[in-house]
Visitor: 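One structure coming up, written as structure tokens, with questions to follow.
Counting begins at 1 with the first residue of the sequence. All ligand and atom numbering here is 1-based and tracks the order in the structure. Source: prediction; values computed, not measured.
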Amino acid sequence: MSDRVTPAVSFQGVTRRYGSVTAVRDANLDIAPGEFFALLGPSGSGKTTLLMLLAGFDQASEGQVLMSGTPISDVPPHRRRIGVVFQNYALFPHMTAAENVAYPLKMRGVPRAEREKRVNAALGIVTLADRGASYPSQLSGGQQQRVALARALVFGPDVLLMDEPLGALDRRLRDQMQVELKRIQHELGVTVIYVTHDQSEAMAMADRIGIMSGGELLQVADPETIYAEPSNHFVARFIGECSILRVSTTEGGKGYEIAGACQELPAPSSQPFDIVVRPENVVVSPASKPVQEGEFGIPAKIREVTYLGAGWRVMLELSDGQTLMAGIPRGHQLAGSLTPDTNVLATWSPDSVAVLPTES
Ligand code: ADP
Ligand code: MG
């Protein structure tokens, strides 16, 4: 993000306590105008609390929230230019789709003719132009969520907050809505903060992801960086599959040694560290294959094999007893002989592993 652009949203040292529970601890985060930002974390990690503080339905215990550089603690929710979409749609059952979408405009005193124009435009954006007269009970879950989205967008908010908006939909509809949401965001250029506990959804949709756990923002980065360079054990395990291996540090923190093989790091580490290896970066070869120049290789034994359709997932045991997960694609030379107790060689490219601070 460029330093010169005033962030659409800033959290500055924001903490929210409920009695002895700290729901959000010292959150510091800038979100750029037009950015699609995902807040990702397990249930109870503080995601909704952070959204509620921004929407104005809740007050920070410490710190402040800014929109376009201005603190908003004195601005009531309906003046914040924020649209909100929840998982459970929260549509008024006795109002038609069009009446639901018109509601925020009515509240803001927009005249009828202007209201009708904007409602039609909003329903058009979510491809429900012909369903304005339907009641929520006459619409599918996906259509109801589109109405909720139209209602959140109809007054032209600067920021759109979505709290697990696709959580109630089945997988296929979710995939479809993900594409749809990205299209709409692109069309409108609105800043989106999107809460989810689904890592693949966050990876697929977001420009940047903030990973939350226990009320803390553990890492904020683009999806590729989060995946390739997780900042700690929690992030590494939460995003995708991986093995975290204990290693001994070689002299001066210049590299690592594992199961008798040594590898230099690009830059020495002053702290004790573990390494993260993604299964798709591990190459499994017959035990007799020599380690090539520029590769890191260790002997291993197959422990478990799982068929995944597109290939296999194998659990390998290293000579020091640690477990290493590897992906084997279809057509691999060992495909027919992936049986437990087979000795193999496991190799990876040294730049495909990330280093993590050791945790006790
Ligand atoms: P998430 O959305 O990530 O599931 P929440 O932000 O809802 O997490 O909750 C974070 C923590 O704050 C949880 O431990 C939750 O129990 C607590 N919490 C949230 N809202 C309240 C509240 N109104 N009163 C007391 N505790 C709350
Ligand atoms: Mg929540």
Visitor: Heavy atoms only: which of Asp163, Thr49, Thr22 lies closest to atom 5 (P) of ligand 1?
Guide: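 Considering heavy atoms of Asp163, Thr49, Thr22, the nearest to atom 5 (P) of ligand 1 sits in Thr49.
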Visitor: Are any of the side-chain heavy atoms of Val314 and Met325 separated by less than 4.5 Å?
Guide: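 Val314 vs Met325: side chains apart.
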Visitor: Does the protein come close to atom 16 (O) of ligand 1 - that is, does one of its heavy atoms sit below 4.0 Å from that atom?
Guide: no
Visitor: I need the nearest protein heavy-atom contact for atom 4 (O) of ligand 1: residue, atom name and distance, please.
Guide: Gly44 N, 2.6 Å
Visitor: Do Asp222 side-chain atoms and Asp207 backbone N/O form a donor-acceptor pair below 3.5 Å?
Guide: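 No, the answer is negative, given that no donor and acceptor are paired below the 3.5 Å cut-off.
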Visitor: With heavy-atom distances below 4.5 Å as the criterion, would you say the side chains of Gln87 and Asp163 are in contact?
Guide: no
Visitor: Check whether more than 12 heavy atoms from other residues, nucleotides or ligands sit under 6.0 Å from atom CZ of Arg171, and answer yes or no.
Guide: yes
Visitor: Does any N or O atom in Val21 lie less than 3.5 angstrom from one in ligand 1, N or O only?
Guide: no
Visitor: Kindly indicate whether a cation-pi arrangement holds for Arg237 with Phe234, taking the cut-offs as under 6.0 Å to the six-membered ring centre and within 45° of the axis.
Guide: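 Verdict for Phe234: no cation-pi partner in Arg237.
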Visitor: At a 4.0 Å threshold, what atoms of ligand 1 neighbour a non-hydrogen atom of Pro42?
Guide: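 Going through ligand 1 atom by atom, the ones under 4.0 Å from Pro42 are 3 (O).
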Visitor: Specify the protein heavy atom at minimum distance from atom 3 (O) of ligand 1: its residue, its atom name, and the distance to 0.1 Å.
Guide: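 Answer, as residue, atom name and distance: Lys47 NZ, 2.8 Å.
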Visitor: Students should be able to answer this: which protein heavy-atom is nearest to atom 27 (C) of ligand 1, and at what distance?
Guide: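 For atom 27 (C) of ligand 1, the nearest protein heavy atom is Tyr18 CD1, 3.2 Å.
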Visitor: Can we call the ring centroids of Phe37 and Tyr194 under 6.0 Å apart?
Guide: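 So the answer is no for these two rings.
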Visitor: For the Mg ion (ligand 2), how many protein N, O or S atoms lie at less than 2.8 Å?
Guide: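 There are 1 of them.
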Visitor: Between atom CG of Asp274 and atom CD of Glu359, what is the distance when rounded to the nearest 0.5 Å?
Guide: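 Asp274 CG to Glu359 CD: 8.0 Å, rounded to 0.5 Å.
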Visitor: Evaluate the side-chain proximity of Leu40 to Phe238: yes if any heavy-atom separation is below 4.5 Å, no if none is.
Guide: yes
Visitor: Looking at Arg303 and Asp341, does any basic side-chain N land under 4.0 Å from a carboxylate oxygen?
Guide: yes
Visitor: Suppose we measure from atom 7 (O) of ligand 1 to each protein heavy atom; which comes out shortest, and what is that distance?
Guide: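 Minimum-distance protein heavy atom for atom 7 (O) of ligand 1 reads Thr48 CB, 3.8 Å.
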Visitor: Are Glu62 and Arg16 close enough for a salt bridge, meaning some N to O gap below 4.0 Å?
Guide: no
Visitor: What atoms in ligand 1 come closer than 4.0 Å to a heavy atom of Ser45?
Guide: 1 (P), 3 (O), 8 (O)
Visitor: Among all protein heavy atoms, pick out the one at the shortest distance from atom 12 (O) of ligand 1; state its residue, atom name and that distance to 0.1 Å.
Guide: Ala23 CB, 3.2 Å
Visitor: To which protein heavy atom is atom 8 (O) of ligand 1 closest, and what is the distance rounded to 0.1 Å?
Guide: Gly46 N, 3.2 Å
Visitor: Does this structure show an ion pair linking Asp74 with Arg79, if we count only N-O contacts that are shorter than 4.0 Å?
Guide: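 So Asp74 does not pair with Arg79 through a salt bridge.
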Visitor: Under 6.0 Å between the ring centres of Tyr103 and Phe155?
Guide: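 Between Phe155 and Tyr103, which both carry aromatic rings, the centre distance is not below 6.0 Å.
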Visitor: At the 4.0 Å heavy-atom cut-off, does Gly41 count as touching ligand 1?
Guide: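 So Gly41 does not count as touching ligand 1.
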